[in-house]
Amino acid sequence: MKTIIEPFRIKSVEPIRMTTRQQRLTALQAAGHNVFMLHSQDVIIDLLTDSGTSAMSAEQWGAMMRGDEAYAGSPSYFRFRDRVRDIFGFEQVIPTHQGRAAERILFSTVCRPGHVVPSNTHFDTTRANIEATGARAIDLPCPEGLVPGEPHPFKGNMDEARLAALIDEVGAERIPLCMLTVTNNTGGGQPVSMANIRGVSKICRDHGIPLYVDACRFAENAYLIKLREDGFQNTAVIDIAREMFSYADGCTMSAKKDGLANIGGFLATNDARLAEQERDLLILTEGFPTYGGLAGRDLEAIAVGLDEVLHEDYLAYRLASVRYLGEHLSELGVPIMQPPGGHAVYVDAAAFLPHVPPLELPGQSFVAELFIEGGIRAVEVGTVMFGQRDATSGQEHPAAMELVRLALPRRVYTQSHVDYIVEVVAAVWQRRTSIGGFRFAYQAAALRHFTARFEPLYALGVA
Ligand code: F0G
């Protein structure tokens, strides 16, 4: 069969409220043209994030009823811990309310001012949690990862030569750990190869530096290894995942992605002494070590989700729907990050709107037009999110790339929803030469993309 169908039936549905173009224009204006400020009920297809937006299965809802809410020693914790141990192979499993809580506890335990933490590319909360300790977060992506239009199977890889050079330059004693983000979200949702994980691990072990995996999308990364890397075609995806983590000393995880849950995360390691210090911090802000800021029922949902996310029928469908969206956009001529990664398609807004200069925020224009055209909410990953503003002169510096992420929530949308997304992008593509830029009307000093207000520099949404 050619069609990879959704490997599930739908038992419970959530209505989508259909809106008119005029209603969407009004809603967007009321939101200061910032899609983070929209009410989600005004959105037809929500591609803002794949985080915490998964549909849970009947098994997960069933497990939630089994959730034991004991303050200490709940059987739900032990089911969660055993599932994490089985897949990730780490003895010490510390639940947290989401990924960034695991990051905060890890980095505030091991990082000090003067330290340096390399990664293929840090996610923004990871970077912020490292920098909050006075340490420096450094991105070492492979060069292929920085060229959106050039296909390469593993654009998420770390540049091993640059890692070795960094260790020589600053000294291993100033590097408390090295991170690998799988898949590399900031770098376009691109996978990291097993060869790269082995290579990075060897460099780290030769220098006594612990390697941690930011494991948010580990199952998608494992499946992309199966599809793209020689020697893994016949390996079960759970064994690929186990091998990936066998080269690491610990991981941080947001269960809101490949945990198929709406909230949750964990920190894991084999270092019992470190885990003791981390549990002390956990008690301060998250909770007792057998629940860590989650309800017992959340731990149950994650334990089941971590099993379901490794089902190969699910992963085949998951990667097929991302690829389907990417291929149909490419056929229209829409410039995207090639090849599509694990959880999202990234449109290259600088190439989509070449007449809009980076400081007129072409990604923001594309996001606004997608919403007006078809009620689709996407997210700008360009100068709005990562541009730098000089605090004294007010001078703006653009980001390295102007991307717009179309992130697909897990098990939520069907192929006809994806066909609709393609039609909406096609309609915006048709009228791209009449689309202009935006300017900031208000911006906060930090993380400005969440709360900024924008003004269009052209007549918005003119068909
Ligand atoms: N690491 C990566 C690679 C992420 O993508 C995220 C979250 C986190 C860590 C933090 O996890 O949200 O549970 O605290 N990414 C979301 C996104 C927000 O939209 O990509 P969290």
Side-chain angles (χ1 to χ4, degrees), residues 35-36 40 43 46-54 94-108 117 119-132 137 139 141 145 155-156 158 177 179-192 212-221 224 244 248 250-268 282 285-286 292-294 298 301-302 305-306 309 322 337 341-346 363 367 377-382 384-386 403-410 412 447 449-450:
V35 292
F36 280 102
S40 64
V43 175
D46 204 345
L47 308 182
L48 187 67
T49 180
D50 64 319
S51 181
T53 52
S54 301
I94 299 173
T96 59
H97 79 275
Q98 59 184 80
R100 65 197 71 183
E103 293 164 3
R104 193 189 66 80
I105 289 168
L106 171 64
F107 300 132
S108 49
V117 181
S119 175
N120 45 348
T121 310
H122 291 284
F123 182 66
D124 49 10
T125 59
T126 321
R127 168 177 293 280
N129 274 299
I130 291 169
E131 292 179 346
D139 293 339
K155 286 175 129 174
M158 181 185 269
L177 79 169
M179 299 286 295
L180 258 185
T181 310
V182 302
T183 57
N184 188 353
N185 181 21
T186 309
Q190 298 292 320
V192 179
Y212 273 69
V213 177
D214 176 340
C216 296
R217 299 178 179 86
F218 77 99
E220 290 165 5
N221 198 98
L224 287 165
M244 285 164 55
C251 74
T252 57
M253 172 77 185
S254 168
K256 299 173 74 172
K257 285 83 166 172
D258 274 349
L260 295 177
N262 302 119
I263 195 71
F266 57 85
L267 171 59
L282 185 83
T285 56
E286 293 281 300
L294 294 170
D298 299 323
I302 297 166
L306 287 173
V309 81
V322 175
M337 173 78 95
H343 66 295
V345 171
Y346 290 67
V367 166
R377 175 156 69 169
V379 66
E380 195 261 15
V381 186
V384 175
M385 197 183 271
F386 292 120
L403 301 177
V404 169
R405 183 179 76 170
L406 308 174
L408 289 176
R410 294 169 182 78
V412 170
L447 295 174
H449 54 286
F450 291 126

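Start at 1 and go down the list; that is how both ligands and their atoms are numbered.
Asn185 and His343 share a donor-acceptor pair across their side chains, judged by distance under 3.5 Å alone. Looking at Thr285 and Arg104, their side chains do bring a donor and an acceptor atom within 3.5 Å of each other.
With respect to atom 21 (P) of ligand 1, the closest heavy atom belonging to the protein is Gln98 NE2, 3.4 Å. Atom 8 (C) of ligand 1 has its closest protein heavy atom at Phe123 CD2, 3.4 Å. In terms of protein heavy-atom proximity, atom 11 (O) of ligand 1 is closest to Lys257 NZ, 3.2 Å. Here the heavy atom of the protein found nearest to atom 10 (C) of ligand 1 is Thr125 OG1, 3.5 Å. Atom 14 (O) of ligand 1 has Arg100 NE, 2.6 Å as its closest protein atom, hydrogens excluded (heavy atom only). Nearest to atom 9 (C) of ligand 1 among the protein's heavy atoms is Glu103 OE2, 3.1 Å. In terms of protein heavy-atom proximity, atom 1 (N) of ligand 1 is closest to Asp214 OD2, 2.7 Å. Scanning all protein heavy atoms for the shortest distance to atom 13 (O) of ligand 1 gives Ser254 OG, 2.7 Å.
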side-chain contact (heavy atoms from CB on, under 4.5 Å) assessment of Met253 paired with Leu306: CA-CA 11 Å; Met253 172 77 185; Leu306 287 173; 4.2 Å; yes
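Remark: the backbone N or O of Ala378 is not paired with any side-chain donor or acceptor of Arg405 at under 3.5 angstrom. A donor-acceptor contact shorter than 3.5 Å links the side chain of Arg127 to the backbone of Ala137. At least one donor-acceptor pair closer than 3.5 Å links the side chain of Glu380 to the backbone N or O of Gly382. Proximity of a side-chain donor or acceptor of Asn184 to a complementary backbone N or O of Lys155 within less than 3.5 Å is not detected.
Residue Asn185 has at least one nitrogen or oxygen atom sitting less than 3.5 Å from a nitrogen or oxygen atom of ligand 1, judged on distance alone. Checked against a 3.5 angstrom limit, the closest N/O atoms of Gly99 and ligand 1 fall inside it. Checking only distances, Asp50 never comes within under 3.5 Å of ligand 1, N or O to N or O.
Within ligand 1, counting atoms from 1 as listed, the ones closer than 4.0 Å to a heavy atom of Lys256 are 13 (O). Near Thr181, with a cut-off below 4.0 Å to any heavy atom, the atoms of ligand 1 are 3 (C). With ligand atoms numbered from 1 in the order given, ligand 1 contributes 17 (C), 19 (O), 20 (O) to contacts under 4.0 Å with heavy atoms of Arg405. Of all the atoms in ligand 1, the ones that sit under 4.0 Å from a non-hydrogen atom of Thr49 are 17 (C), 19 (O).
Looking at every heavy atom in both residues, Tyr212 comes nearest to Leu267 through CE2-CD1, 4.3 Å.
For the ligand labelled ligand 1, residue Gly265 lies outside the 4.0 Å heavy-atom shell.
Contact of the Val213 side chain with the Phe218 side chain is not registered, since no non-hydrogen atoms from C-beta on lie closer than 4.5 Å.
Ion pairing of Arg410 with Asp50 is present here, as a side-chain N (NZ or NE/NH1/NH2) and a carboxylate O approach within less than 4.0 Å.
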